[in-house]
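Below you'll find the structure, written out as structure tokens, and then a few comments.
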Amino acid sequence: MADNGAYTGDMRVATWNVNSIKARLPTVLDVLKEIDCDVICLQEIKCETDAFPYLEIEDLGYNCAVHGQKSYNGVALLSRHPLEDIRKGLPGDDGDDQARYIEALVLAETPVRVGGIYLPNGNPAPGDKFDYKISWMNRLEAHARELLALEEPFALAGDYNTIPRDVDCWDIAVWRDDALALPETRQAFQRLKWLGLTEAFEAADGRAHEYSFWDYQAGAWQKGHGIRIDHLLLSPQAADRLESVEIFKKARGLDKPSDHVPVIAVLGDA
DNA sequence: ATGACTGGCCGTGCCAGA
């Protein structure tokens, strides 16, 4: 796709867990058109790299970088600008066969590095899956530290499977002992912020009881029983440009929806 | 109402998700 070198203005960066891109392609295409973003990180595409619907998404004007896997997980990065320095998997992922991280340098007028994240769920906790979640978060922290040393604008956007605060879910009594809210999970998330990263929604909005996920079960959407687990963490150079965050809640009310909705950070001029 | 789902897969139930 051609990069319009004359373009200046806001840069819209989104994250969205689509819960299978094949089962939902028409919906995904409609939502992508409506949210009008420059960069979109997709999670749970649930297809192998070669099976990604490149043509349909390129038709919307996006370049695609895809790190796929059969049946489970899988992440993709869509960009209206050229992509460079594509990385698939976190450093230290040797022997980890789960496709949960993709990163690229987005060649906007001011280049921005973007990492797309599908952090492990971690249930049941305690157990092997929870240990994997925490070790994955530790590897992410180590990589974030390396990126921060570059002193460049970057965003780590994705499904963090982390409820940061009690008010980021509909009833903390229900979620307190879940892998998404356990102290060890929150502390690992907090360590990312202590490195110097800014959680975009918290910084730009911060309201309680704003959600990005509603379970398919038990009428959770109709009852407003949601949780906020999809986040964008910004480097200082990106956080300085943060203007607003939008949660595209409308996507949850569509036919055949994903259980997550897009979360969008708007960055102003560099 | 102690109820209520969805996607992928060589599958007619099970695993995984959150």
Side-chain angles (χ1 to χ4, degrees), chain A residues 15-29 31 41-53 66-76 96-101 116-137 140 157-186 188-189 201 209-231 247 249 251-263:
Chain A
T15 176
W16 188 21
N17 180 322
V18 293
N19 186 20
S20 171
I21 194 143
K22 282 192 256 180
R24 223 174 304 293
L25 187 57
T27 303
V28 169
L29 296 175
V31 168
C41 301
L42 300 179
Q43 301 89 37
E44 280 207 275
I45 58 173
K46 291 186 176 178
C47 66
E48 293 179 289
T49 301
D50 292 343
F52 190 81
V66 180
H67 183 29
Q69 177 184 340
K70 186 183 171 91
S71 305
Y72 304 113
N73 311 314
V75 287
D96 184 346
D97 56 0
Q98 300 191 27
R100 295 180 175 275
Y101 186 79
I117 285 161
Y118 178 45
L119 213 144
N121 173 302
N123 281 303
D128 291 347
K129 292 190 173 182
F130 190 67
D131 293 343
Y132 173 65
K133 176 177 196 160
I134 298 301
S135 72
W136 203 96
M137 294 181 90
L140 179 61
D159 177 355
Y160 278 77
N161 271 314
T162 299
I163 299 170
R165 312 170 299 181
D166 287 357
V167 293
D168 294 318
C169 67
W170 60 279
D171 183 357
I172 190 58
V174 171
W175 288 95
R176 195 181 302 281
D177 297 323
D178 191 279
L180 279 60
L182 282 173
E184 209 175 341
T185 300
R186 284 185 173 175
F189 188 73
F201 177 86
H209 303 294
E210 294 293 316
Y211 309 131
S212 64
F213 168 93
W214 295 260
D215 202 286
Y216 290 123
Q217 299 189 62
W221 165 246
Q222 289 76 8
K223 293 177 182 172
H225 289 179
I227 57 181
R228 191 171 68 87
I229 56 177
D230 300 276
H231 310 298
I247 300 180
K249 195 173 172 179
R252 189 61 178 82
L254 303 174
D255 285 339
K256 294 267 291 174
S258 170
D259 38 10
H260 297 249
V261 299
V263 180

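In what follows, chains carry the letters A, B, and so on, assigned in the order in which the sequence lines appear, proteins first and then strands, with residues in each chain numbered from 1.
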Between [atom2] on [N] and [atom1] on [X], what's the gap in Å once rounded to a whole number?
X: His260(A); N: dT6(B); atom1: NE2; atom2: P; value: 15 Å
X: Asn73(A); N: dG8(B); atom1: CG; atom2: P; value: 13 Å
X: Glu48(A); N: dG8(B); atom1: CD; atom2: C1'; value: 12 Å
X: Leu42(A); N: dG7(B); atom1: CG; atom2: C1'; value: 17 Å
X: Leu119(A); N: dG17(B); atom1: CG; atom2: C1'; value: 14 Å
X: Gln69(A); N: dG8(B); atom1: CD; atom2: P; value: 14 Å
X: Arg24(A); N: dT6(B); atom1: CZ; atom2: P; value: 10 Å

Does Asn19(A) put a side-chain nitrogen or oxygen below 4.0 Å from OP1 or OP2 of dA18(B)?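 No.
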Check this one for me: any side-chain N or O of Asn121(A) less than 4.0 Å away from OP1 or OP2 of dA18(B)?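 So the side-chain polar atoms of Asn121(A) do come within 4.0 Å of the phosphate oxygens OP1 or OP2 of dA18(B), strictly under.
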Parallel, tilted or perpendicular: which describes the rings of His231(A) and Tyr160(A), with under 30° parallel and over 60° perpendicular?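 It falls in the tilted class, 30° to 60°.
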Report, one pair per line, the protein and nucleotides 10-15 of chain B atoms (nitrogen or oxygen only) whose separation is under 3.5 Å.
none

Listed partners of Tyr72(A) passing side-chain hydrogen bond (donor to acceptor under 3.5 Å, both in side chains), at least two apart: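 Partners of Tyr72(A) by the side-chain hydrogen bond (donor to acceptor under 3.5 Å, both in side chains) criterion come out as none, since no residue qualifies.
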Report the residues that fulfil side-chain hydrogen bond (donor to acceptor under 3.5 Å, both in side chains) with Gln43(A), sequence neighbours left out, ordered by chain and then residue number.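 For Gln43(A), the residues satisfying side-chain hydrogen bond (donor to acceptor under 3.5 Å, both in side chains) (neighbours in sequence not counted) are Thr15(A).
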Could you measure between the two [atom1] atoms, the one in [N] and the one in [M], and give it in whole Å?
N: dT12(B); M: dG8(B); atom1: C1'; result: 15 Å
N: dC10(B); M: dC15(B); atom1: C1'; result: 15 Å
N: dG7(B); M: dA18(B); atom1: P; result: 14 Å
N: dC9(B); M: dA4(B); atom1: C1'; result: 25 Å

What's Tyr118(A) touching, base or sugar-phosphate or nothing? Going by heavy atoms closer than 4.0 Å.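 It contacts sugar-phosphate atoms only.
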Most 5' of Ala23(A) and Tyr216(A) on DNA chain B, judged by nearest nucleotide: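 Between the two, 5'-proximity favours Tyr216(A).
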Pair Ile45(A)-Phe52(A), side-chain contact (heavy atoms from CB on, under 4.5 Å): steps then yes or no: CA-CA 8 Å; Ile45(A) 58 173; Phe52(A) 190 81; 4.0 Å; yes
Should the side chain of Asn161(A) and the base of dA18(B) be counted as holding a donor-acceptor pair, with the cut-off at 3.5 Å?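 No, the side chain and the base share no sub-3.5 Å donor-acceptor pair.
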Which pairs, with at least one residue in residues 213-227 of chain A and sequence neighbours excluded, count as a side chain to side chain donor-acceptor pair (under 3.5 Å)?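 Passing the test, one end in residues 213-227 of chain A: Asn19(A)-Tyr216(A).
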Test of understanding: with side-chain contact (heavy atoms from CB on, under 4.5 Å), list the residues that count as partners of Ala99(A), not counting sequence neighbours.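 With neighbours one apart ignored, the set is His67(A), Gln69(A).
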Distances under 3.5 Å between nitrogen or oxygen atoms of protein and nucleotides 2-4 of chain B:
{"from": "dA4(B)", "atom 1": "N6", "to": "Lys223(A)", "atom 2": "NZ", "distance (Å)": "3.3"}

